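A quick write-up on the structure given underneath.
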Amino acid sequence: MSALQKLVLASGSPRRVELLQQAGLEPDRLAPANIDETPLKSEHPRSLAKRLALGKAEKAHERLKQDGEAEGCYLLAADTVVAVGRRILPKAEMVDEASNCLQLLSGRTHRVYTGLCLITPSGKLRQRLVESRVRFKRLSHEELESYLASGEWRGKAGGYAIQGLAGTFVVKLVGSYSNVVGLPLYETVNLLVADGYKVHFNWLSGAGAH
């Protein structure tokens, strides 16, 4: 039965692929779904993460159906949002954006939300929302400038990647570390297992050896 199951990740993120591999899972296909990620007026960060994950899942699933590849497919989508209070931080593309994010995060606690959406082979839709709290040290001018020069912030929600140099900024983390990276593993695996995906078959076959 497991040979008929396919795992499709509606993302092109190398970080999310690496996290799945850490859990012993190798996506059969990557199906990045580009959607408008602009927050709605007064939208809460939690709602945004859930809405974007659902939007990505539905768009990728529609494409799979058009390609005739939806049979036996578990389609997983995720979206990660970084927020200070209700203020949603951008996925920094310009150095000014990253600088503004980091100055806002300096010496403060922020929240990282990841919305998960799973569409099962039978078409059922499952959603989860995971929240972590992260506290940064107060960043010196040298730390800020050096991090900006590293370029690690590019394309990252909140202007940083916890698995890189910015890990040295973290004073305290409450919740899931993998959630802050971009895919909460505990909740992801539970979603898959609950709907019959043979996660642990991959462990037994050694597919998870990395």
Side-chain angles (χ1 to χ4, degrees), residues 8-17 19 30-66 70 74-106 108-120 123-136 152-162 166 173-188 190-191 195:
V8 176
L9 180 64
S11 172
S13 164
R15 298 180 302 283
R16 290 195 173 112
V17 172
L19 284 165
L30 301 182
N34 295 316
I35 61 172
D36 183 357
E37 299 189 10
T38 307
L40 303 175
K41 185 176 173 58
S42 302
E43 188 170 23
H44 193 282
R46 298 168 63 94
S47 302
L48 176 64
K50 289 176 67 175
R51 179 172 66 82
L52 294 183
L54 174 61
K56 289 177 178 180
E58 289 179 335
K59 184 170 182 179
H61 193 247
E62 192 59 40
R63 197 160 70 240
L64 284 178
K65 287 196 293 185
Q66 289 172 358
Y74 288 79
L75 187 137
L76 179 69
D79 193 86
T80 301
V81 172
V82 175
V84 176
R86 289 182 64 100
R87 180 173 175 178
I88 296 165
L89 303 191
K91 291 181 179 172
E93 297 295 346
M94 307 294 289
V95 70
D96 287 352
E97 284 182 315
S99 179
N100 290 340
C101 287
L102 291 166
Q103 289 180 63
L104 189 62
L105 298 176
S106 176
R108 300 177 70 170
T109 296
H110 62 278
R111 295 173 190 264
V112 180
Y113 302 96
T114 298
L116 290 175
C117 187
L118 176 70
I119 299 179
T120 70
K124 284 188 292 185
L125 196 144
R126 307 287 193 210
Q127 284 192 275
R128 294 286 184 278
L129 182 78
V130 183
E131 175 186 333
S132 301
R133 297 200 303 275
V134 184
R135 182 171 182 81
F136 268 22
E152 276 193 4
W153 48 268
R154 199 175 302 279
K156 306 297 194 301
Y160 77 94
I162 195 172
L173 189 155
V174 179
S176 165
Y177 171 82
S178 57
N179 175 51
V180 183
V181 180
L183 190 71
L185 290 181
Y186 170 77
E187 291 80 5
T188 298
N190 275 5
L191 268 182
D195 269 286

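Just so you know, these numbers come straight off a predicted model, no measurement behind them. For reference, positions follow the sequence shown, starting with 1.
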Does any non-hydrogen side-chain atom of [Y] lie less than 4.5 Å from one of [X]?
X      : Y      : value
Glu37  : Asp79  : yes
Ile35  : Leu52  : yes
Val180 : Tyr160 : yes
Leu125 : Cys117 : yes
Val112 : Ile162 : no
Trp153 : Val95  : yes

Supply the atom-to-atom distance [X] [atom1] to [Y] [atom2], rounded to the nearest 0.5 angstrom.
X      : Y      : atom1 : atom2 : value
His44  : Tyr113 : NE2   : OH    : 5.0 Å
Leu116 : Leu129 : CG    : CG    : 8.5 Å
Ile119 : Glu58  : CD1   : CD    : 6.0 Å
Arg108 : Arg135 : CZ    : CZ    : 9.5 Å

Can you list everything that forms a salt bridge (charged side-chain N to carboxylate O under 4.0 Å, His left out) with Arg46? Sequence neighbours excluded, please.
Glu131
Search all heavy atoms of Gly155 against all heavy atoms of Lys91 and return the closest pair with its distance.
O-CB, 4.1 Å
When you check the side-chain N and O atoms of Asp195 and Thr120, is any donor under 3.5 Å from an acceptor?
no
What's the verdict on side-chain contact (heavy atoms from CB on, under 4.5 Å) for Leu89 and Asn100, showing C-alpha distance, side-chain angles and the deciding distance?
CA-CA 9 Å; Leu89 303 191; Asn100 290 340; over 6 Å; no
Crowding at CZ, Arg86 (>12 non-hydrogen neighbours, <6.0 Å)
yes
Examine distances only and state if a side-chain atom of Arg63 and a backbone atom of Pro32 form a donor-acceptor pair shorter than 3.5 Å.
yes
side-chain hydrogen bond (donor to acceptor under 3.5 Å, both in side chains) partner of Asn179, the single match among Thr114, Thr80, Thr188
Thr114
